[in-house]
Amino acid sequence: MTSVQPVRGTQSLLGEEADRLAAIATAFDRVRRIFGFKRVEVPTIEQTSVFARTIGETTDVVSKEMYSFEDRGGESITLRPEFTAGICRAYLSEGWQQYAPLKLAAHGSAFRYERPQKGRFREFRQLDAEIIGAAEPQADVELLGLGYQLLRELGIADGVTLELNTLGDPETRDNWRRALVDYFQAHRGELSDDSNSRLERNPLRILDSKDHRDKAVCENAPTVDDYLTAEAADFFRAVTAGVDAAGVPWKRNPRLVRGLDYYRHTAFEFVTDRLGAQGTVIAGGRYDGLVEALGGPHTPAVGWAAGVERLAMMIEAPAPEAPSVAVVPLGERAEAEAQKIVAGLRREGIATDMAYRGNLKKRLSRANAAGAAYALIIGDDELDRGEAQLKDLASGEQRSVSLDLLSEAIKQ
RNA sequence: GCGAUCGUAGCUCAGCUGGUUAGAGCAUCGGUUUGUGGUACCGAGGGUCGGGGGUUCAAGUCCCCUCGAUCGCCCCA
């Protein structure tokens, strides 16, 4: 066993595994352009208060999962546990308000001190999409359409279901929450221990508990629909009508809630049963109160985040990268000449490798293992004639090609 | 933070109820006459059996602790 170990919950990926993550980011970038979302880059670190004020002091994310430290200047800094708060901070501190409404897309690593398991890591990657400064239900619809098209581009839309719910406006939410607390108080004895503690911190979360006792109690719990104000009901109707019109399949899940405090109105998750316990692949909702929590003006906003590793587990393996040609020089003179040839081919845009170790047998073997389409064998005899042997590694056919016509021979 | 399972060469694993120098496949390196791979054959290197302690005449194999991994709970993307 080696003495150096990776930090728990981090990943070091090679080849296909790394290609999978890249494929997700590439697809997201393509779709985000089609939908007119601007790319944003935001810092990996923020002042701790940015997350503490927005996500909610009592949430597990803030109270026990953040990577926070004091920097050398004595400031409390936190590695971002998600993107939304940092983007909203930038929206305020960078003067992005002048561009509102803003459609933004970002992706990168986020950090949470959690117990690693399938599809869950301490350093994990997210795609993030936000629309800031738009109170219209059309914004929610556009965002859901973005998520759906991403899944389609990735070829996994069939295995994923959009679950949609509303948490209502603040009035709705408060009334519903109060009714839920009353109801669960009355059934305290039937709830699991976890849910009893949730009753103090985050009663809405009891609704999506996995415990069978909790599920039984939730069967008859009050639903949001009973407390929706007329405005909140209209808003949700407009969202579902828009999603239907956009051709995005969905289903209502009246027990779907959000873990973070800042959500209002629309809440949604794209979920799959193919990934075990971590089945949520994209999740988000409307967070009209967040910018205010950071000290800004009242600013309506919607957004979602997607788990890159989870998406990466679901997609087909991307085609492996292989050179078009592997140059195989024989002898010192040929090796020097080969550098010129390799450089020339690469300038032409042809993916080129050079096999420079071992005898011819080894070099060809390496060329083959690398997946090269052709091997270009260059020995003294060939050089004297201004030629090289171009070998098709799939068919085994080999022919002489003039060094002046190499790229043409390889491209065809 | 809680629970279950697991931890043997670079990788995937075998090692039966504890018993002489710990094995295989793949990978790596070398060779099968010195310029032809993908398909053969021969050979080599590589492991203090995660770490520490204990039981025993004897432990990879049993017990305890610890670290790590996996899957689930919690939380959440």
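Since we're looking at a predicted model, the values are computed, not measured.
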Residues A/R333, A/D384: salt bridge by 4.0 Å N-O rule: yes
When we call it a touch if two heavy atoms are under 4.0 Å apart, what does A/D211 touch: a base, just sugar-phosphate, or nothing? nothing
Rounding to the closest angstrom, what is the interatomic distance between B/G37 and B/U28 at atom P? 16 Å
For A/K361 and B/U39, give me the distance from atom NZ to atom P, rounded to whole Å. 12 Å
Distance between the P atoms of B/A4 and B/U66, in whole angstroms? 14 Å
Roughly how far apart, to the nearest Å, are B/C49 and B/A24 at atom C1'? 16 Å
Name the closest nucleotide to the A/K210 side chain, picking from B/A69, B/G35, B/C75. B/C75
When A/L228, A/T266, A/T240 are each screened for side-chain contact (heavy atoms from CB on, under 4.5 Å) with A/F235, the one that passes is A/T266
Nearest-angstrom distance from the residue atom CZ of A/R120 to C1' of B/C74: 7 Å
Is a donor-acceptor contact shorter than 3.5 angstrom present between the side chain of A/Q398 and the base of B/U36? yes
Donor-acceptor pair under 3.5 Å: do we get one between A/N368's side chain and the base of B/G38? no
Going by distance alone, is a donor N or O of one side chain under 3.5 Å from an acceptor N or O of the other, for A/E75 and A/Q47? yes
Could you tell me whether A/E65 contacts a base, only the sugar-phosphate backbone, or nothing, with contacts defined as non-hydrogen atoms closer than 4.0 Å? sugar-phosphate
Applying salt bridge (charged side-chain N to carboxylate O under 4.0 Å, His left out), which residue pairs with at least one partner in residues 158-170 of chain A are found, sequence neighbours left out? A/E163-A/K251
Taking only the P atom of each, what is the distance from B/U32 to B/C13 in whole angstrom? 36 Å
Report yes or no: is there a donor-acceptor pair, N or O only, under 3.5 Å between the side chain of A/R8 and the base of B/A69? no
Checking B/A77, B/C75, B/G35 against the side chain of A/R198 (C-beta onward), the nearest is B/C75
Looking at B/C73, B/G35, B/G37, which one has an atom nearest to any side-chain atom of A/I377? B/G35
Specify the residue among A/R125 and A/G379 whose closest nucleotide of RNA chain B lies further upstream toward the 5′ end. A/G379
Salt bridge flag under 4.0 Å for residues A/K215 and A/E219: no
Check: B/G35 base within 3.5 Å donor-acceptor of A/E382 side chain: yes
Using a cut-off of 4.0 Å on non-hydrogen atoms, how would the nucleic acid contact of A/V281 be classed: base, sugar-phosphate, or nothing? sugar-phosphate
Side-chain N or O of A/R258 versus OP1/OP2 of B/A77: is the shortest distance under 4.0 Å? yes
Tell me which of A/F124 and A/P6 sits closer to the 5' end of RNA chain B, going by the nucleotide each one is nearest to. A/P6
NZ/NE/NH1/NH2 to OD/OE distance under 4.0 Å, A/R33 and A/D29: yes
Please determine whether a side-chain nitrogen or oxygen atom of A/K118 lies at a distance below 4.0 Å from atom OP1 or OP2 of B/C71. no
Salt bridge or not between A/R310 and A/E269? Use side-chain N to carboxylate O under 4.0 Å. no
Does A/R310 put a side-chain nitrogen or oxygen below 4.0 Å from OP1 or OP2 of B/C76? no
Between B/C65 and B/G47, how far apart are the C1' atoms? Round to whole Å, please. 24 Å
Kindly say if A/R115 contacts the phosphate of B/G1, meaning a side-chain N or O under 4.0 Å from OP1 or OP2. no
Give the rounded distance in Å between these two atoms: CZ of A/R122 and C1' of B/C74. 14 Å
Of the listed nucleotides B/U70, B/C71, B/C76, the one nearest the side chain of A/P116: B/U70
Just to be sure I understand the rule, does A/A110 reach a base, reach only the sugar-phosphate, or reach nothing, if contact means heavy atoms closer than 4.0 Å? nothing
What interatomic distance, in whole Å, is found between C1' of B/G3 and the corresponding atom of B/C75? 16 Å
Base, sugar-phosphate, or nothing for A/D60, non-hydrogen atoms under 4.0 angstrom? sugar-phosphate
Nearest to the A/V61 side chain among B/A77, B/C76, B/G35, which nucleotide is it? B/C76
Report the secondary structure of RNA chain B in dot-bracket form, marking unpaired bases with a dot and bases paired to a different strand with |, and treating Watson-Crick or G-U pairs with both distances under 3.5 Å as paired. (((((((..((((.....[...)))).(((((.......))))).....(((((..]....))))))))))))....
Under 4.0 Å, heavy atoms only, any strand: does A/A305 hit a base, just the sugar-phosphate, or nothing? sugar-phosphate
Nearest-Å distance for atom pair CZ/P, residues A/F51 and B/A77: 13 Å
Looking at A/D225 and A/R252, is there a salt bridge between them, counting it only when a charged N and a carboxylate O are closer than 4.0 Å? yes
Once you measure the plane-to-plane angle for A/F28 and A/W304, does it fall in the parallel (<30°), tilted (30-60°) or perpendicular (>60°) bin? tilted
By nearest atom, which of the nucleotides B/C76, B/U32, B/C71 is closest to the A/Q117 side chain? B/C71
Measure from CG on A/L393 to P on B/U39 and round the result to the nearest Å. 13 Å
Whole-angstrom distance between B/C42 and B/A27, as gauged at atom P: 15 Å
Taking atom P in both B/G50 and B/G68, what distance in whole Å separates the two? 16 Å
Short side-chain N/O contact to B/U36 OP1/OP2 from A/K391, under 4.0 Å: no
How would you label the contact of A/G331 with the nucleic acid (heavy atoms, under 4.0 Å): base, sugar-phosphate, or nothing? nothing
Which one, B/G37, B/C73, B/G35, comes nearest to the side chain of A/S365? B/G37
Using atom CG of A/L204 as one end and atom P of B/C75 as the other, report the distance to the nearest whole Å. 12 Å
Any side-chain N or O of A/R366 less than 4.0 Å from the OP1 or OP2 oxygen of B/C29? yes
Going by atom types only, do A/W176 and A/D226 share a side-chain donor-acceptor pair under 3.5 Å? no
Assign A/G396 to base, sugar-phosphate, or nothing according to its heavy-atom contacts below 4.0 angstrom with the strands shown. base
To the nearest angstrom, how far is A/N202 atom CG from B/C75 atom C1'? 10 Å
Between A/E309 and A/Q11, is any side-chain donor less than 3.5 angstrom from a side-chain acceptor? yes
How many Å lie between CG on A/D392 and C1' on B/U36, as a whole number? 14 Å
Would a distance-only check, ignoring hydrogens and angles, find a side-chain to backbone donor-acceptor pair under 3.5 Å from A/T48 to A/S76? yes
I want to verify a distance call: between B/G35, B/G38, B/C29, whose nearest atom is closest to the A/L330 side chain? B/G35
